[in-house]
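Values reported hereafter were calculated over all heavy atoms of this structure, with side chains retained and with hydrogens, waters and symmetry mates removed.
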Amino acid sequence: MNFLLDIKSAFLPEIIILFFILLNILFAIFVNKKHFKLSVWINILGILTALSSIIFLQAEPTYSAFNNSIVCNVYTVFFKSLILVATFFVVLLSKDFI
C-alpha cells in the first residue's frame, strides 16, 4: 500500500489539530493580549475543520500506519468524532475564561 495514503487515512484529523495548535502558538507569541480572545475562534475553526475532515477518512478497509501502531477503522472514526464534538463544546463553554 501507499505509505502517505495510509498516514492520511489513519490520522488526518490529528494532523489538522496539530497544525491549528502550532498556528495558535504563533498567534499567542506575536499578537498582543487585547486580541487574545481571537485564539478561541482559531481553536473552534481547527476543531470544525478536523471534524469535517472525518468525512474523508476511509474506515473500510482498516488502515494502519507506522507498522500497525495507528489503526483507523469504524470504531476509531466514531471515537474521533465523539472526542472532537466534546472538545468543541468545552472550548465554547470556556471562551469566557480566557
Of all heavy-atom pairs between Pro13 and Leu84, which one has the smallest distance, and what is that distance? CB-CD1, 4.3 Å
Closest heavy-atom pair and its distance - Ile47, Phe88: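 Taking Ile47 first and Phe88 second, the nearest heavy atoms are CG2-CB, 3.8 Å.
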Is there a side-chain contact between Leu26 and Phe30, using heavy atoms and a 4.5 Å cut-off?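 Leu26 vs Phe30: side chains touch.
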Following the transitive rule for hydrophobic clusters with a side-chain heavy-atom cut-off under 4.5 Å over Ile, Leu, Val, Met, Phe, Trp and Tyr, establish whether [X] and [Y] coincide in one cluster.
X: Ile29; Y: Phe19; result: yes
X: Ile42; Y: Val31; result: yes
X: Ile16; Y: Trp41; result: yes
X: Ile54; Y: Tyr75; result: no
X: Leu48; Y: Val77; result: yes

Tell me which one of Leu23, Leu92, Asn24, Ile21 satisfies side chain to side chain contact (heavy atoms under 4.5 Å, CB included) with Asn43.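 Filter result, single survivor: Asn24.
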Other than Ile83, which residues form its hydrophobic cluster under the rule that side-chain heavy atoms must be closer than 4.5 Å? none
Approximate separation, where rounding is to 0.5 Å, of [X] [atom1] and [Y] [atom2]:
X: Ile25; Y: Phe20; atom1: CD1; atom2: CZ; value: 13.5 Å
X: Ile44; Y: Leu51; atom1: CD1; atom2: CG; value: 12.5 Å
X: Lys80; Y: Ile17; atom1: NZ; atom2: CD1; value: 11.5 Å

Answer yes or no: are there more than 12 heavy-atom neighbours, outside Asn67 itself, under 6.0 Å from its atom CG?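 Incorrect, the count does not exceed 12.
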